[in-house]
Amino acid sequence: MTRTDHAVTAETERPAQPLGTRSAARRARRALRRHPISGLIWLLPVLATLATGLFRISTPVLWHDELATLTVVRRPTGALLDMLQNVDAVHGAYYLLMHYWIGVFGESPAMLRLPTVLAMAAAAGCVALAGKRMFGARAGLTAGLVFALIPAVTRYGQEARSYALVVLVAAAALLLLLRALERPGPVRWLCYAVSVAAAGYLHLVSLVFLGAHAFGVALYWWKDRDRRLLIGFTAAAGLGVASTYPLIRIGGGQAGRQISWIPRPRLSDLAAIWPQIFSSTALAAALFLAAALAWGGDRKRSALFGSVSAVLPVVVIWAISHRGDVSYFMPKYLFFVLPAWAVMAGAGIALVRVRGAVAALVVTAVTVLPDHVTMHRPLSHAAYTYPEPVAFAPLDYRAAAGIVAAGYRPGDAVAYGQQGDQVWWGVDTGVQYYLPPHIKPRDVLLDETGEQRDDLWPSLTTDAAASLGSTPAPRIWLVSKDDGGDPFTTVLPEHAKALQDRYTRSSFQQVSGISVALLVRR
């Protein structure tokens, strides 16, 4: 450790004095002048993560997970809360946040994704400060920059779902735990309890990090034998978990419907999932190596705590998914371990000379550049298991909407192929979202909207002939998840008959994952 690192660590561990706001500000300015790296430890990672998150933020087409967010957060608060009683309660806190967010900032792709960009940037700052407490100032700065280089951070920093916020609260919980272990006190433990509750309300699965945190508390207690650590952690963690009981009760009953499709993991998946967690095979190997190097320093307790925090939650989720009623073993459910991996990798890289550390970061950035480029491609968001391929063609809602908009005439109607599981792909929501505001064709097969049903998705009419009306629209756009064949096979048989009795197909076009047929009245 350098002399600067020792000085910064000593500055961190010195008990805070009860100064006023102005005195504290003056002290912070003096500390920054004495040790310029202190101010950069969190600032540079925040700016780097913010830059990668904002780059081409609107380019990727919204995919069906983001469309699920969109269809929920547009609803009035009461309707949103009614839906959560039936489905997706585990995302309720995020939905409420986004409901009020779009009420102020609108629902453009950039605005839908900006909260998660900001969350990942804030998480980078927490990672840097946690790394500083565990391994020193240089390691903290390096950890924050490593975090910014992880392709999954960029990818899910640009997704209108809750996972980036989960990463933020996991990083904040780690930082707040370290602060409480340095100087136990009611306020610090209460802050930690709030972070635990926030993690639970954003994604219940993330609470498995408490096992790793309990291990870390035991390490600190073993050295100092301070019972305040055990009592404080137990009370704070218990309070945080207990506060999530309403969500546990409601969400537990919904899990079978929502994630029963996730396969149970095999033993080999424990190794295979890491490239998907980082969204890069090359970076997975590099982070494993850098984290192993962290054991070469003199902070063995921190290295052990960091290693357990990075690995144990994944093993626990694997075990639960292997034996439980449903499986939670998916990369996007495990991103909350990214802060711990960044801390460990930063500690390993920081052990080499400054020039060597800079060179390692540059090489890492060049290595993962192809993965970052992939993250910003138009149809990249559908590849949720990247770098492993998905079993379906990404749906280009924007291109399909472009076809409809280019050929649209006033009076045109629309029908969405929603036979079987097609409703889950949100073709109606996605195409409507990308249509120009002045084009709002009537959905002739719609019975009730998701809002009317207190559900995510709509229901279809049981009487297509009556829904078409006595004077049906002169033209109907039949837009469906592409099955590679006749577009009439994408709708229910009775719907197909009603349409074919009155319409003939005039044109047929295909884009990635979606077919668009124009039906003209006979």
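Between I476 and L468, the closest side-chain pair of non-hydrogen atoms falls below 4.5 Å. Residues V208 and F336 form a side-chain contact, since some pair of their non-hydrogen atoms from C-beta on lies under 4.5 Å apart. Under the 4.5 Å side-chain criterion, counting only non-hydrogen atoms from C-beta, I248 is in contact with L204. The side-chain heavy atoms of H381 and Y156, taken from C-beta on, include no pair separated by under 4.5 Å. Looking only at side-chain heavy atoms (C-beta outward), I514 and W425 stay at 4.5 Å or farther from each other.
With hydrogens and angles ignored, the 3.5 Å screen pairs no side-chain donor or acceptor of E451 with any backbone N or O of P458. For Y163 (side chain) and H203 (main-chain N/O), no donor-acceptor pair under 3.5 Å exists by modelled atom type. Of the possible polar contacts, one joining the Y434 side chain to the L62 backbone as a donor-acceptor pair under 3.5 Å is found. Remark: side-chain polar atoms of S512 are paired, donor with acceptor, to backbone N or O of P394 under 3.5 angstrom. Looking at T461, its side chain does come within 3.5 Å of a backbone N or O of D463 through a donor-acceptor pair. D454 places no side-chain N or O within donor-acceptor distance of the main-chain N or O of D82, the cut-off being under 3.5 Å. Under a 3.5 Å cut-off, the side chain of R442 and the backbone N or O of A415 do not form any donor-acceptor pair. No side-chain donor-acceptor contact under 3.5 Å links S467 to the backbone of A464. Listed for the S206 side chain is a donor-acceptor partner under 3.5 Å among the backbone atoms of A199. A side-chain donor-acceptor contact under 3.5 Å links H99 to the backbone of V73.
Using the six-membered ring where Trp is involved, W318 and H322 have ring planes that are parallel, under 30° apart on the 30 and 60° scheme. Aromatic ring orientation, Y192 versus H213: tilted (interplanar angle from 30° to 60°).
Here Y416 contributes atom OH and L478 contributes atom CG; the two are 10.5 Å apart, rounded to the nearest 0.5 Å. To the nearest 0.5 Å, the span separating CZ on R502 from CG on L519 amounts to 13.0 Å. If you take CG on L456 and CG on D88, they are separated by 5.0 Å, rounding to the nearest 0.5 Å.
Aromatic pair W274/W341: ring centres closer than 6.0 Å. Note: Y397 and W63 fail the aromatic proximity criterion, with ring centroids not under 6.0 Å apart.
With respect to R113 and E159, no salt bridge is recorded, no charged nitrogen being found less than 4.0 Å from a carboxylate O. No salt bridge links R409 with D412; every basic N to acidic carboxylate O contact stays at or beyond 4.0 Å.
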#### Entry: H376 and R155: CA distance, side-chain angles, deciding distance, side chain to side chain contact (heavy atoms under 4.5 Å, CB included) verdict
CA-CA 8 Å; H376 295 292; R155 160 67 177 81; over 6 Å; no
### Message
Pair T154, H372 - check side chain to side chain donor-acceptor pair (under 3.5 Å), show working.
### Response
CA-CA 7 Å; T154 298; H372 277 279; 3.2 Å; yes
### Task
With side chain to side chain contact (heavy atoms under 4.5 Å, CB included) as the test, would you mind laying out the steps for L81 and L96 before giving the verdict?
CA-CA 9 Å; L81 293 174; L96 285 169; 4.2 Å; yes
### Query
Between E107 and R74, does a salt bridge (Lys or Arg N to Asp or Glu O under 4.0 Å) hold up when you go through it step by step?
CA-CA 9 Å; E107 58 180 45; R74 285 171 162 175; 2.6 Å; yes
### Message
Under the criterion side chain to side chain contact (heavy atoms under 4.5 Å, CB included), I'd like the reasoning laid out for M83 against V72: C-alpha separation, chi angles, the key distance, then a yes or no.
### Response
CA-CA 8 Å; M83 188 212 77; V72 173; 3.6 Å; yes
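Residues passing the ring-ring contact (aromatic ring centres under 6.0 Å, His included) test with F508, sequence neighbours excluded: none.
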Please output the side-chain donor-acceptor pairs of residues 323-333 that fall under 3.5 Å, not counting sequence neighbours, one pair per line with the distance.
unit_1, atom_1, unit_2, atom_2, d
S327, OG, P263, O, 3.1
S327, OG, F329, N, 3.3
K332, NZ, D65, OD2, 2.6

